[in-house]
Each structure stands twice: as structure tokens, then as C-alpha cells.
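Since the structure comes first, as C-alpha cells, the remarks are kept for the end.
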Amino acid sequence: MRVGVVTFPGSLDDVDAARAVRVAGGEAVPLWHGDEDLRGVDAVVLPGGFSYGDYLRCGAIARFAPVMREIVRLAGPPDQARPGLPVLGICNGFQVLCESHLLPGALIRNDHRKFVCRDQRLRVERTSTAWTNQYQDGEEIVIPLKNGEGGFVADDAVLDRIEGEGRVAFRYLDGNPNGSYRDIAGISNASGTVVGLMPHPEHAVDPLFGPDVAADGQPGTDGLRFFTSVLKAVLAA
Amino acid sequence: MTSANASTNTTDIVRAGAARVTDTVEHALRTPDVEQPWQVLGLKADEYARIREILGRRPTSAELAMYSVMWSEHCSYKSSKVHLRQFGEKVTDEMRANLLVGMGQNAGVVDIGDGWAVTFKIESHNHPSYVEPYQGAATGIGGIVRDIMSMGARPIAVMDPLRFGALDHPDSARVVPGVVAGIGGYGNCLGLPNIGGEVVFDPCYQGNPLINALCLGKLRHDDVHLAAASGEGNLVILFGARTGADGIGGASILASETFEEGGPTKRPSVQVGDPFQEKVLIECCLELFAAKVLVGIQDFGAAGLSCATSELASNGDGGMVFHIDKVPLRDPSLTPEEILMSESQERMMAVVRPADLDAFFAITTKWDVEATVLGEVTASDRLVGLWHGEVIVDVPPRTVAHEGPVYHRPTSRPAALDARRADVPDRLPRPTGPDAGAGLRELLLRMIASPNLCSRSWVTDQYDRYVMGNTALAVPDDAGVVRVDEETGLGVAISTDGNHRFAALDPYQGTLLALAESYRNVATAGARPLALTNCLNFGSPEDPEVMWQFEQAVTALADGCRELGIPVTGGNVSFYNQTADVAIHPTPVICVLGVLDDVARRTPSGWREPGHQLYLLGTTREELGGSEWAWAEHGHLGGEPPRCDLAAERLLADVLVDSSRDGLVVAAHDLAEGGLAQALVESCLRFGVGARVRLDEVCGRDGVDPFVALFGESAARAVVAVARGQEDRFVAMCAARGIPCARIGVTDDGPAGDRPAGDDVAGDDAAGGPALAVQDLFTVPLAELRRAHTSTLPAVFEH
């Protein structure tokens with residue numbers, strides 16, 4: 001099982017995403033932003049970071065990277081029912097997915113104007129995706145969140161539509177950390193192959209280096225099932 | 001950055017003197033009596049005379065620019081050198097054992113075993129951060145990261161020891177958010193976890209905040225690179241960002257002058273950072289190291305091209321010729337003097353064999369990093385700079401880089417010190433007697449909400465501590481712990497500490513206490529202390545009383561290191577932290593580094609489960625001089641600081657490290673500012689597990705009252721939670737080593753369950769929830785503690 005991890009100049013969490021793929025039992029394949037070829041991978045992770053510095057608008061330049069052409073083509077239009085290439089966009093990767101129109105909406109500066117790094121509680125609201133099929137519907141998980149521009153916005157018609165179609169994948173619990181509309185932390189395309197979220201599942205795959213293990217029994221590895229989910233989805237496809 | 005509002009800035013003075021005629025060496029010989037602006041550039045009359053003597057003529061304006069920046073206090077250490085020698089003199093074989101590269105290089109390198117080494121260093125960016133908080137703090141990170149890169153290391157973590165004026169001073173609302181955002185904005189974008197540091201508020205830093213930045217890097221033993229230009233014919237290459245007018249004379253000039261009221265605005269002298277360029281530069285450098293195409297490498301720090309060329313040439317075995325007109329510019333109007341002085345960020349200089357040039361450019365091209373051959377290493381002993389073919393610099397490089405002036409500044413014990421020492425805190429009112437409980441409860445809630453003891457999460461939540469996936473501990477734990485080797489779990493712990501009040505009362509003792517605290521913090525996390533670096537922040541060296549404080553601090557650090565058996569690997573001195581004639585309190589910031597064979601063995605500071613026995617290690621004395629209680633409650637600073645017993649610290653560290661290795665403890669927390677009370681509250685709030693505590697055994701044994709037991713700041717103490725079933729073994733280990741050990745209670749979860757740490761939704765205060773209960777004195781629900789502890793900084797900065 002080969003999962004590509006894209007490195008743009010300025011990507012930061014590519015090493016962590018590759019590690020998470022390996023911990024889950026997959027093979028992580030490095031993909032360079034200038035590559036036209038996806039090296040035959042079964043799925044792709046767009047990692048966190050600040051692609052090309054993100055001085056313009058987050059993800060706005062990365063969208064035009066050669067590697068994105070093939071990813072966009074294989075992922076397919078966001079509303080098609082037929083499953084395309086599984087793509088997970090984490091943080092900056094989510095921003096790139098929105099800029100690429102693989103997912104609707106946009107990410108803007110946090111409403112409190114500050115970068116925020118915290119252990120974030122989420123509710124998993126869609127488990128029929130390539131990246132969430134190992135979770136229970138409504139399950140609560142804690143994974144790190146760290147962003148300066150993580151406010152998810154879209155107009156009401158779009159929000160109503162993705163809510164109506166059950167495409168909201170994750171919602172923030174215990175307080176909205178960045179002003180995202182309707183507490184939306186992550187969304188998916190119609191077929192469930194493309195998922196984007198601001199929090200970082202790749203930072204919650206090893207109890208020693210993940211979120212605090214609190215007295216309420218959070219194991220600190222809630223992010224691991226993103227990566228086991230995609231292995232299962234690819235096998236089933 | 002326009003030059004329009006910089007009319008009195010050094011930029012224009014240099015420009016005015018040089019714009020029309022290129023001041024070549026030949027021209028300088030022809031015009032020996034030209035008036036030169038040495039004074040405005042910060043040189044003293046005898047220093048200018050010395051330059052003329054070295055060169056046998058007047059310097060050209062370009063040479064004058066180079067000497068002036070390189071001979072500034074910031075670059076030359078001219079006032080501190082004579083004292084810093086102690087670090088090299090007071091060393092033992094034990095201290096040398098793990099040192100691969102000692103002082104004098106960009107950063108020291110320490111052997112941590114298995115072929116791995118780490119390098120770490122702190123630098124100050126104090127003055128630029130006061131002028132322009134965001135960019136000053138941001139470029140402080142950028143600079144220290146390039147220092148670590150220039151050793152051949154991959155940067156793996158940063159930390160920021162920060163000191164600001166009073167929390168409620170109006171200017172804090174400008175400086176604090178700007179600095180924090182600058183550190184986050186730059187550091188987060190670099191992908192380096194920020195794993196700790198300090199945030200201290202005190203009026204003594206008003207107008208002179210201390211913005212220190214630390215970077216830690218890892219490398220294999222074979223990969224150590226040094227800054228030296230060797231091998232005739234090897235090429236000198238500038239790579240990274242283009243050179244602009246930003247930071248001309250920035251750090252070098254700013255750090256060498258005291259702010260005067262009503263002076264000209266200095267904004268144009270501060271550098272502007274581009275973290276994306278730096279991130280790309282890091283990855284590019286690491287590929288260059290791996291490809292083994294570098295003979296030497298040097299970062300561009302303060303004094304820019306002047307520093308990089310003169311240090312490389314000075315450290316090498318020959319000379320160097322370089323073409324100043326080949327430097328790629330962002331602003332084509334720059335004069336050669338400005339190019340030599342520019343502190344534009346994100347630039348590096350490499351020395352490369354001609355045969356490796358193609359491989360070098362292949363890597364820089366991959367990363368879209370601009371690289372330009374500026375010149376080459378020569379067989380001469382001169383550093384020669386050309387401007388469109390004409391020689392405008394021709395100097396012996398050592399005289400620029402390493403043989404600057406050395407001062408033996410006069411020292412004098414401060415006249416006010418005796419009165420301050422005599423003003424002991426005994427007379428200050430404190431809760432005592434049979435009704436002390438209610439008073440202690442209220443005092444506890446005020447203390448944990450006070451500016452220096454309240455939760456730092458408003459600051460640290462703006463930093464990424466997760467990136468790289470190797471952070472095993474970070475703030476608010478005692479030390480930051482990162483994994484170095486993914487296969488074995490080998491890792492390191494670091495902690496920065498300093499207590500300006502102790503140092504103000506007694507700079508010798510205060511420095512030892514800072515050293516002891518950092519050492520103890522690292523050991524508390526379970527790491528064996530190995531080495532240290534430091535950042536010595538002081539007022540003007542021209543003030544004999546400041547110089548006396550400095551001498552005391554350096555002597556203490558050298559003495560203390562010998563006693564603890566760990567070497568100083570390098571450091572930084574920041575002078576002129578004063579406004580007019582009022583200096584900051586002496587502030588030595590110490591960073592001890594320790595090693596853990598497996599970071600899985602690290603000891604966290606918080607309690608995770610009920611039912612663990614709590615022990616207090618060490619002796620509590622009535623030591624309240626310089627304490628947080630005296631300052632926060634009474635605005636008092638007087639008396640003697642706590643005594644520092646390094647032999648006891650060493651024993652305590654041994655117990656903490658060994659019991660971590662043997663799995664005897666599940667949590668440990670060092671006692672420092674705020675004493676036992678603060679440590680108990682922090683350990684409770686970390687994961688929302690309370691405790692039932694009794695103080696009678698400690699009070700009876702040590703002859704102190706509950707107030708002193710809770711708020712006294714005696715050193716060499718820690719509170720530990722012992723693993724179930726290991727209590728007898730642990731107590732026996734302490735007894736065998738002569739460490740006082742008293743059982744003070746047990747962790748205790750209430751039936752209601754508190755919310756996890758970092759949650760801003762406080763639960764209700766219903767009786768029966770988790771609480772900190774001190775027997776016979778008071779009980780406080782954790783929700784109430786959390787509210788008090790976490791509200792202070794948001795209340796000031798969120799509006």
C-alpha cells in the first residue's frame with residue numbers, strides 16, 4: 001500500500017505524515033512539488049506547513065504546483081459520486097484542497113487573529129470516507145490543532161448543502177478555536193475520497209509524542225485511524 | 001523601509017561620505033587627512049587610531065564600516081572577553097569528556113552517545129525587539145537557527161526566554177503581543193517545535209525587554225562543520241536571500257548604544273525576516289552537508305558580510321578576495337559600505353572546491369535558492385574586497401574578526417547593595433497562627449494568578465510544539481524533551497532559567513541559583529545533565545557597578561560548572577540593557593542540556609492518576625529574600641537570596657535521574673518561584689488530578705511554619721509522585737544518598753472529574769470534585785485554581 005506525501009517548499013509536517021503512514025502499516029512515498037508523476041501511489045496526503053511561504057493566500061500558489069495537476073485530475077470533481085484518488089489535506093493541505101476546488105469553502109485568518117496550538121476535541125460526523133471509516137459515527141477524538149488561518153468559511157447555501165449531504169466530516173467540540181462557521185473542522189467530497197481538516201491527525205499516532213494523555217483516558221493516538229482507514233479503503237476499492 | 005525618515009541614521013552618514021567618489025585604498029592613501037565619521041559609527045578615538053595603526057593609513061570608508069561593526073560590543077565581546085576566559089580555565093577532564101567542539105565556534109557541540117551529537121546556543125535580540133517587537137523577535141529566531149545550521153546540524157527545537165516590563169504597564173500591550181506573534185510567526189513557519197522558555201515580568205525591564213532565543217540542533221559526529229575558509233583557489237559563495245538596506249548597522253549598532261530619551265527613531269535599523277526563505281535554506285544546507293560539498297560554512301549574523309568574510313578568512317589558513325559588486329541586491333542603490341554592513345536575513349556563505357561547484361549549484365537550484373560566487377580563498381594573509389575592479393578593502397582578517405579591542409573595565413561593588421541586603425523580608429505580614437488556613441487559601445489564589453506565576457498558555461499556545469513529531473515534553477513541564485534518534489529513543493532535555501531578583505541581591509549567588517535551577521529542571525525530567533550554554537544580560541559595561549555584577553556572575557558560573565562537572569559550551573553577552581543610567585537587574589539566563597537514553601523514560605510534571613504517594617525531597621528553610629511572594633504581595637526586594645548548595649543539587653539530580661531510569665517515579669516537579677504551593681498547583685492542573693497534602697512532617701522536621709513550607713523558595717527541592725509499590729525502594733534510595741525525603745500526601749481524583757488541561761471551560765466548583773486539599777488548612781477545587789491561574793494574561797492582552 002503506497003501513500004504519497006507531497007513536499008512543497010515550506011511544507012513542515014511532511015515527515016510526520018510519512019511517519020504516520022508507516023506506523024499505520026503503509027509505505028510512505030515522497031512526492032516533490034515539481035513532480036508531474038505520482039509514482040503510482042494509491043492515496044495522497046497534502047501535509048501541513050506554509051507552502052511557498054503562504055505570503056499571498058494560504059495554498060493559493062501550491063494549487064498551481066505541477067504535482068497538483070495530476071492529483072486534481074485523479075481525485076475527480078468534488079461532486080462526482082464515483083470514488084477517485086483518496087486525498088487527505090491536513091491544515092495547509094486542507095487550504096490547498098479548497099484553493100484547488102477539490103473541496104468547497106475557504107480558510108481565513110483565525111477570528112482572534114492569533115496562531116493557536118492546542119489539543120482539540122472533535123466529533124467525527126462522517127465515517128463513510130476513505131480516511132474515517134475506522135471511526136464510529138459521533139465518536140469524540142482529541143488531536144492537535146495548530147494554525148493561524150484555520151477559520152472555515154463558505155456562504156450559507158454551500159454550508160446548507162454540505163450539511164445536507166452529510167459532507168461535514170469533523171466538528172469542533174469544547175469551544176470553536178478559530179471562528180470556523182458552524183464549528184466545522186473538516187469536510188469531504190461527495191464520494192468521501194477527499195477529506196480536508198485543520199487539526200493534525202499525524203501528530204496523534206504515538207502516545208509519547210501526541211496530545212496529553214489526560215485522566216479521562218484519552219490515549220493520545222486518536223489520529224492513527226485516519227491512516228489505517230485509507231489502507232482499508234484502498235484494499236476494498 | 002524608506003530612507004526618508006532615516007536622516008540621522010548611520011546609513012545616510014556612510015552614504016554621504018561615500019556616494020560620489022569610491023573610496024579606494026589608493027584614494028585613502030592619497031587623502032590621509034579626510035575627516036571620517038568613526039564616532040557616529042560607534043568607535044572610540046583610540047579604536048580609530050588603532051585601525052590607522054594596523055593599516056598604516058586611514059581606513060577606506062568600507063574598511064571603516066567593517067571595523068566599526070566588528071569592533072562593536074555585540075560582535076567583539078571587548079568588555080567581557082577578559083572575564084569569559086574563566087570558562088576555558090576552570091575546566092576538569094570530567095567536563096571535557098563529552099565536548100566535541102568548545103567555545104569560540106558558532107556553537108558548542110556535545111557528544112550524547114551512539115555517534116550522535118547536539119549543539120545549542122542562546123542569543124539575545126533585546127534591543128531590536130524593543131524597537132520593533134514583531135520583526136526583532138522573529139529575526140532573533142532566524143539568527144540563532146542559522147548559527148546552529150552553520151555547525152552542520154539540523155535544527156530540532158527552539159525556546160524563548162523572555163523578560164518584559166511590568167504586566168500592567170501600557171507599553172507591555174505593545175511589546176508582549178508583538179514579540180510573541182513574531183516568535184510564533186517565524187518559528188512556526190520554520191517547522192521547529194517551541195518546547196519551553198520563560199516569560200517574566202518586572203519593572204526593571206521597562207524599556208529594555210530581554211528577548212533571548214535558543215536553538216538546539218542534532219548531527220552525527222562526522223558531520224561537524226566549522227567556519228573556516230581553507231584551500232587556495234576554493235570558491236567563496238553567498239547563498240540565500242538578496243541583500244537589502246534592512247538592518248544596516250542594526251544589531252551591531254543598536255546593541256552597543258543605550259536608548260536615550262528623545263533620540264532619533266531607530267526603526268530602519270531593524271532587520272526584516274522571511275521565514276519561508278529560512279526554511280528552504282535549512283533544507284538546502286542539510287542537502288549540501290549530506291553531499292559533502294562544503295569546505296566551510298558561515299552564517300550571516302550581526303555585521304553581515306563584514307562578519308562572514310572576516311571570520312571565515314580569519315579562521316582559515318589563507319586570505320580571501322571577494323567582489324562586493326557581485327552581491328545580489330534587493331535595492332540596487334546600495335553603496336559598498338552598506339552592502340558590507342547590511343544585516344539582511346536568511347543568507348549563508350560557503351567555501352566550496354571548484355570541482356564541487358556543479359553539485360553545489362544543483363542543490364541550490366533544486367531549492368530555488370540564489371547562489372553567487374563572490375570570490376575565492378587566496379594564499380595571502382589579506383582580506384581583499386573589490387568594487388567594480390577597484391580595491392576598497394585590504395585588511396588582515398584577524399584584526400577585524402578576532403583581534404578587536406579588549407577592555408579591562410573598572411568594577412565596583414554597588415553602593416546600594418548593603419542596604420538592600422539588610423532590608424530582610426521578616427517584617428512583611430504573612431498568614432500565621434491558628435486561623436492561618438483561610439489566609440493561606442486566599443494567598444494561594446492570589447499568588448497563582450500573579451504575573452510571574454500565572455499560566456503561560458496564552459503565550460505558549462501561539463507556538464507550535466508538535467511539529468517534527470519528536471516532542472516528548474514541552475511547557476509547562478520543567479524541561480523540554482525531544483527525541484534525537486527515532487530508532488533508539490535517544491533524546492535530550494533542555495531548560496532555560498534565570499532569577500533576576502536573586503541576582504540583584506547577590507549576582508554570584510543568583511547566578512549559581514540559576515545554574516542550579518536549570519540543572520535541576522533537566523534532572524527532574526529524568527535527563528542526565530551534560531553541558532550548558534548561557535545568555536548574560538546586563539546593563540552598561542561602562543558602569544563599574546554593572547561590570548562588578550558581570551564579573552561576579554561569570555565567576556559564579558565558572559565555579560558552579562566545575563563543581564557540577566558540566567562544561568560551558570558557548571554563550572552570548574548582551575550589554576547596554578539600560579535606559580539612561582538605570583540598568584536592568586543582572587539577568588544571567590542559563591540553559592542546561594541533559595541526555596536521556598530513551599525519551600520514553602522522561603518524567604512528566606503532572607499527575608495522571610489518583611493514589612500515588614507524594615514526597616517532598618530536600619530541606620525547606622525560611623528563605624524568602626527575593627521570593628515571588630515578597631515581590632508579588634509586598635513589592636519587596638531585599639535580604640539574602642536562598643542559599644545554593646551544589647553538592648545537594650548533584651545528589652538530588654542523581655536521585656531524580658536514577659529513579660526515572662528505574663521506573664520509581666511517575667511524575668516529578670522542581671520547586672522554584674512560588675515554592676511548594678506553585679508546584680502542587682501546576683502538577684494538579686496539568687491533567688486535572690487533585691491531591692491531599694499534609695505539611696506537619698516537613699514543618700516539624702525543618703522547623704518552619706506552613707506559610708514557609710508552602711511559599712518559601714529554598715533550592716535543591718522537588719516534589720515527586722512515586723509509582724505504586726515502589727515507595728519503600730524510593731525512600732530507601734533517598735536515605736542511602738542522604739536526601740531528605742518526607743511523605744506529604746497522595747494524589748486524589750474527585751468523583752466529578754476535572755476537565756483536561758488547556759480546556760477553557762472550567763467545570764463547576766461543586767464539593768466532591770477534584771481539589772487540592774492541605775490538611776487542617778484549606779481546600780480549593782481545581783476548577784477554582786484553574787480559573788485563577790489561567791485568567792491573568794488573557795485579561796490583559798485579550799480586548
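- Contacts with chain B (heavy atom to heavy atom, under 4.5 Å) involve these residues of residues 9-22 of chain A, listed by number: A:Pro9, A:Gly10, A:Ser11, A:Leu12, A:Asp13, A:Asp16, A:Arg19.
- In summary, the aromatic rings of A:Phe115 and B:Tyr463 are positioned with their centroids too far apart to meet the 6.0 Å limit.
- Ranked by non-hydrogen atom pairs under 4.5 Å with chain A, the options B:Gly191, B:Pro610, B:Ala474 are led by B:Gly191.
- For the set A:Pro144, A:Gly148, A:Ser51, the entry with the most heavy-atom pairs within less than 4.5 Å of chain B is A:Pro144.
- Using a 4.5 Å cut-off between heavy atoms, B:Glu798 touches chain A through its side chain atoms alone.
- Heavy-atom pairs under 4.5 Å with chain A were tallied for B:Glu278, B:Lys366, B:Gln277; the largest tally goes to B:Lys366.
- If you check the side chains of B:Asp464 and B:Asn188, you find no donor sitting under 3.5 Å from an acceptor.
- Proximity to chain A (any heavy atom under 4.5 Å) is shown, for B:Val599, by both the backbone and the side chain.
- Between chain A and the options B:Leu473, B:Val481, B:Val467, the largest number of non-hydrogen pairs under 4.5 Å is found for B:Val467.
- For chain A, no part of B:Glu283 is nearby; none of its heavy atoms comes within less than 4.5 Å.
- With a 4.5 Å cut-off on non-hydrogen atoms, B:Val280 touches chain A through its side chain but not through its backbone.
- With respect to B:Asp748 and B:Arg692, a salt bridge is recorded, a charged nitrogen being found less than 4.0 Å from a carboxylate O.
- Within the 3.5 Å criterion, the main-chain N or O of B:Arg465 finds a donor-acceptor partner in the side chain of B:Thr471.
- For chain A, no part of B:Ala181 is nearby; none of its heavy atoms comes within less than 4.5 Å.
- Residue A:Trp32 comes nearest to A:Thr7 through the heavy atom pair CE3-O, 3.7 Å, listed as atom of the first residue, atom of the second, then distance.
- Contact annotation: the side chain of A:Val87 approaches that of A:Leu97 to within less than 4.5 Å [non-hydrogen atoms, C-beta and beyond].
- A:Glu99 places no side-chain N or O within 3.5 Å of a backbone atom of A:Phe94 that could act as its donor or acceptor partner.
- Between the side chains of B:Asp478 and B:Ser605, no donor N or O sits under 3.5 Å from an acceptor N or O.
- Between the A:Arg39 side chain and the A:Val29 main chain, no donor and acceptor come within less than 3.5 Å of each other.
- Checking each of A:Arg171, A:Met198, A:Glu125 against A:Ile184 for a side-chain contact (heavy atoms from CB on, under 4.5 Å) leaves exactly one that passes, namely A:Arg171.
- In terms of heavy-atom pairs under 4.5 angstrom with chain A, the leader among B:Glu486, B:Gln462, B:Lys279 is B:Gln462.
- Residue pairs meeting the salt bridge (Lys or Arg N to Asp or Glu O under 4.0 Å) criterion with at least one member in residues 596-607 of chain B, sequence neighbours excluded, do not occur.
- Looking at B:Leu190, only its backbone comes within 4.5 Å of chain A, counting heavy atoms on both sides.
- For the pair B:Arg686 and B:Asp477, the salt-bridge criterion is met [side-chain N within less than 4.0 Å of a carboxylate O].
- For A:Asn147, no part sits under 4.5 Å from any heavy atom of chain B, backbone or side chain.
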